[in-house]
Every structure is written in structure tokens, then in C-alpha cells.
Participant: 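Here it is, the structure, as C-alpha cells.
Just follow the structure's listing: the first ligand is 1, and inside any ligand the first atom is 1.
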Amino acid sequence: MEIIIGSHVSFKKDTELLGSVLEASTYGANTFMIYTGAPQNTTRYPIDSNLTKKAYEEMKKNNIHQNHIIAHAPYIINLANPKNMDFGISFLKQEIKRVESLGIGKLVLHPGSSVGLEEKVAINNIINALNEVLSIDTKVIICLETMAGKGTEIGKNLSQLKEIIDGVKYPLMVCLDTCHLHDAGYDMSDFDQFLNEFDQIIGISKIGCIHINDSKNERNSHKDRHENIGYGYIGFDNLIHIIYHEKLKEVPKILETPYVKDLENKKLSFPPYKFEIEMIKNKKMNQNLMEDIRKFYISSDK
Ligand code: FE
Ligand code: FE
Ligand code: ZN
């Protein structure tokens, strides 16, 4: 079975989408996810259409389909709380235009955190904000991400997401994150059970993207710390079962696993994605993952 697999890649000011495609191609990926700038801030530059055009030529060569690539909104946006609401709304409107001009069809969004508000109120704020952000002309589909429930995060269970989806006048989808689901208390070793529950509450056809991450913590920890594939509490076999799930074969899978640190120079770290994708394609756990990654990037001097 051909899977749609890639990772988070960088989107740099000078190379934009072209740089992202080239990076993804070094990982053997057939999709990727970008933030249109730094994930932790909202500084954004105008898109260079020439670079976008070149990116699409390069995508063709690498068998990456336009409708499989994903954008992620910066995570400091919080539509749940009136404190930053106006900024969040105007930023998201612009972000949607940027993502559309890049030809990307899906934008992952963290629903927000209630910080002091009642859950009901926070969810209503998110609904109202999204109704203001979206319009009949919006081409990008917002994918609400399932969250770990760290602090006061909204989106830690399916009924919260269902409420938002029902309240928003325009169609939304969901981005599953395996680490977040596990940290929120869902059992990823019984994924079929989870998928049944998801289908009953929201509907499998609403799954627009899946973040594939292992977790550094036990189930229900509400921590949200990602681990490399097969090195955490979810485990390799459970993640493989999810990645190759027959009902999810059309859904892009995106790795957001941590970079591997160099042993001597602590400031140096290397992307794990080429090697994680390799072991996913082989369906075989690599017990020397960290060593292989360090060896490859140190000797290739990248
Ligand atoms: Fe996310
Ligand atoms: Fe995620
Ligand atoms: Zn996370």
C-alpha cells in the first residue's frame, strides 16, 4: 500500500516553498507540512510567486501532489480568549490568503486555550472567531488539531471538536495528532476503537491530516512532548498500524518528531525524518536510529 508520508519542513524567507520541497525530497517524502514563517511568531513576508512556481515544478519531479501538502498556523494564535481575539482573527484571515496563494488546501489550527474562561464560553469564542475568519469564498479548509490537554487547551476530546465543527457555518476538518491523543488519554494501541468513536462523533471523512508522533510520556499525562517513532510510549507497531490503516490511506501523514542532538556539540541537531520514513516504509523498527542519523549528517557534513 502506497502511503502519503512526510514531515514538518522549514519555510525560509529566501527559498520559501521551493526550499521546503527540496528539503522534503531529501527525506524521501511524498508530502510535507510548513509554517509560512516561524511557528512561534506571527512575522510573515509576502509570498514570491516565482519561487512558488519553481516549487511546483520540483514537486512534480518528486511525486508530491499539491492536495497532499499541509500548512500549519502559528501556535500562539488563540481564538478561545478575547484577550488576543482581534489580532488572531485578522492574522488568520491574512494567513489563509497566504496559504491559498501557495496553492495549499489545508491549514492546521490549534483550537486555543481557555485560560480562565469556562469551557463553554471558550468554545463559543472559537466558533464566533472562525465564523468571522471564514467566508463562502474561503478555499482553504481549516483542520482543527486534537490537543494533549496541556494547561487549558481546548480540543483534548472529540466532543469539544464536534461542538466547534457544529457551530461553524463553513466546513472544517480535523488533524489527528497521535502524541496528543495518547497524552489526552486515548489508547493508541486500540486505534480501531478510537476510529469507531471518531466516526460516530465526527465522521472519518472529516480527518484531513494525521500528525504521526511517538510520546515521551505515559497515556493521559497531558504533557505534549513528542518522541521519535518507536522510542516512546505509543511504540512502533501501534504507529505502523495507524499509518497503514486502510480507512486512512488517502490522508497525509506528517512527522513532527524531535531532531536528534549531536553528542559533542549540543547546539547541533539533525532531522530524523529521512530515517524515520525509511523505517516506516520498511515496517521495521531501526534500533540504531539515533546513531544512523548522527553518522549520516556528520559524514555528509550537512
Ligand atoms: Fe500542531
Ligand atoms: Fe501536531
Ligand atoms: Zn504537540
Participant: Is it true that the side chains of His110 and His72 contain a donor and an acceptor less than 3.5 Å apart?
Facilitator: yes
Participant: Taking salt bridge (Lys or Arg N to Asp or Glu O under 4.0 Å) as the criterion, tell me which of Lys54, Lys60, Lys61 meets it with Glu58.
Facilitator: Lys61
Participant: Please check if any side-chain donor atom of Asn286 sits under 3.5 Å from a side-chain acceptor atom of Asp292, or the reverse.
Facilitator: yes
Participant: Protein N/O/S atoms under 2.8 Å of the Zn ion (ligand 3)?
Facilitator: His180 NE2, Asp224 OD1, His226 NE2
Participant: Any side-chain donor-acceptor pair under 3.5 Å between Ser113 and Asn78?
Facilitator: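 No, Asn78 and Ser113 have no side-chain donor paired with an acceptor closer than 3.5 Å.
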Participant: Please report the closest heavy-atom contact between Leu158 and Tyr186, naming both atoms and the distance.
Facilitator: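 The answer is N-OH, 3.2 Å.
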Participant: Please give me the protein atoms (N, O or S only) lying under 2.8 Å from the Fe ion (ligand 1), ordered by chain and number.
Facilitator: His72 NE2, His110 NE2, Glu145 OE1
Participant: When you check the side-chain N and O atoms of Thr257 and Glu227, is any donor under 3.5 Å from an acceptor?
Facilitator: no
Participant: Is there a donor in the side chain of Glu218 and an acceptor in the side chain of His182, or the other way round, less than 3.5 Å apart?
Facilitator: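 No, His182 and Glu218 have no side-chain donor paired with an acceptor closer than 3.5 Å.
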Participant: Which pair of heavy atoms, one from Met279 and one from Phe236, lies closest together, and at what distance?
Facilitator: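 Closest approach of Met279 to Phe236: O-CZ, 3.5 Å.
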Participant: How about Asp177 and Asn213: does a side-chain donor come under 3.5 Å of a side-chain acceptor?
Facilitator: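 Judged by distance alone, the side chains do pair up.
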